[in-house]
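First the structure, in the form of structure tokens, and then the observations on it.
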There are 2 protein chains.
Amino acid sequence: MSLTATLLAAAGGLTAVIHEGVVARGFDDLRPAHGFAFARLAPGGATAADLAEHLGVSRQAASQMVEELVGKGYVERRPHPDDARARLVVLTDRGWACTRAAEAAAADAVRPWAALLGERRLQALRDDLARLAPGGPIRPNW
Amino acid sequence: MSLTATLLAAAGGLTAVIHEGVVARGFDDLRPAHGFAFARLAPGGATAADLAEHLGVSRQAASQMVEELVGKGYVERRPHPDDARARLVVLTDRGWACTRAAEAAAADAVRPWAALLGERRLQALRDDLARLAPGGPIRPNW
DNA sequence: GCAACTTGCTCAAGCAGGTTGACCATATGG
DNA sequence: CCATATGGTCAACCTGCTTGAGCAAGTTGC
């Protein structure tokens, strides 16, 4: 199988396993796409416009997602400290709990890889991939 | 950045670059999801039901996609040699041309990686990823 | 300061791609 | 044969996204 196919298959499988792990930990009202949003919100919150750019969708779509996540209790809107037009979207306690669950699920998914490849090659894999994806937080993708 | 994030970022970026390459080669009426379908159809054709299972969607959705691809000239339906109920969906010349364009775009996307990592590490990356994604052609994902 | 423009957000309507449910034609197995 | 399973299609609906319009608040230039 080609490199591109293996890479896409690995990423697709990883996405699925993480999502299953998140669901298994009780957060069953989320879709993989929400992981993107959490990744952007976690550091210190973001505006809906920030989120739209990060996710690659319209501001209206991002706003709708925020509304959905507010309704489900994962985020809340706070007044923006510097701009009265904007609203800062931040994770709630439940949002943080879900983020930790996702990290735990990701760790579970990766653990067997260490057994398959060994620590040395796994570390090399991590380093190599980091060099190939310099653009950074493009689109996490559960 | 974590291994999972780098892997997802690399896969997402690769998907985007391949899709752009396919569009740039003149196939601008396709979406990344169609790449999944082509990957399943290329070997020797498939039924709509095969396609549905491969793509992880309902048979109706797969059938709709086939209809769309027929309309755009990428595939055609032929009577199934062994089953009068079924119809074998196969790539047309245009479908094959698009598949070659996708392979060329993928090669272009990977080429700079060889420069970044060197041939040895690139080969190691390929081998390691192949071991991590044994399930095989899960879901190519442009 | 004020006018003109930009930016953040939301409401509303519509579309695209998926779903489920019902149905018919053909295979398959007792 | 008859009962059941399977491949395909039609129809209705749902969800997530889009575009377009509009308002409030910041920003710029005179």
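Given the structure is predicted, the values throughout are model-derived calculations rather than measurements.
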Side-chain heavy-atom pair B:V57, B:M65 within 4.5 angstrom cut-off: no

Within residues 79-89 of chain A: residues closer than 4.0 Å to DNA chain D (heavy atoms): A:D83, A:A84, A:R85

B:L7 and A:L14, any side-chain heavy atoms less than 4.5 Å apart: yes

Global bending angle along the helix from C:dG1-D:dC30 to C:dG30-D:dC1, which compares the axes of five pairs at either end, to 10 degrees: 30°

Non-hydrogen side-chain atoms of B:R120 and B:Q123 separated by less than 4.5 Å: no

Salt bridge (Lys or Arg N to Asp or Glu O under 4.0 Å) pairs, two or more places apart, involving residues 102-117 of chain B: B:R25-B:D108, B:D108-B:R111

Taking N or O atoms only and anything under 3.5 Å, show me the protein contacts with nucleotides 11-18 of chain C, one pair per line.
residue : atom : partner : partner atom : Å
C:dG17  : OP1  : B:R31   : NE           : 3.0
C:dG17  : OP1  : B:R31   : NH2          : 3.4

Members sharing A:V17's hydrophobic cluster (side chains within less than 4.5 Å): none

Counterpart residues, side chain to side chain contact (heavy atoms under 4.5 Å, CB included), relative to A:A97 (two or more places apart): A:F27, A:R100

Test side chain to side chain contact (heavy atoms under 4.5 Å, CB included) applied to B:L88 - qualifying residues, sequence neighbours left out: B:H80, B:P81, B:V90

Donor-acceptor under 3.5 Å (B:H19 side chain, B:A16 main chain): no

Boundaries of the chain A footprint along DNA chain D (any atom under 4.0 Å from a heavy atom): D:dG16 to D:dG26

Pairing residues for A:R121 by the salt bridge (charged side-chain N to carboxylate O under 4.0 Å, His left out) criterion, not counting sequence neighbours: B:D128

Results of salt bridge (charged side-chain N to carboxylate O under 4.0 Å, His left out) for A:R85 - residues two or more places apart only: A:D83

For A:R40, salt bridge (charged side-chain N to carboxylate O under 4.0 Å, His left out) partners two or more places apart: A:D50

Counting only pairs under 3.5 Å, give me each side-chain donor-acceptor contact of residues 66-74 of chain A, with atom names and distances, residues two or more places apart or in other chains.
residue : atom : partner : partner atom : Å
A:E67   : OE1  : A:R77   : NH2          : 2.1
A:E68   : OE2  : A:K72   : NZ           : 2.9
A:K72   : NZ   : A:D29   : O            : 2.9
A:Y74   : OH   : A:D29   : OD1          : 2.6
A:Y74   : OH   : A:R94   : NH2          : 3.0

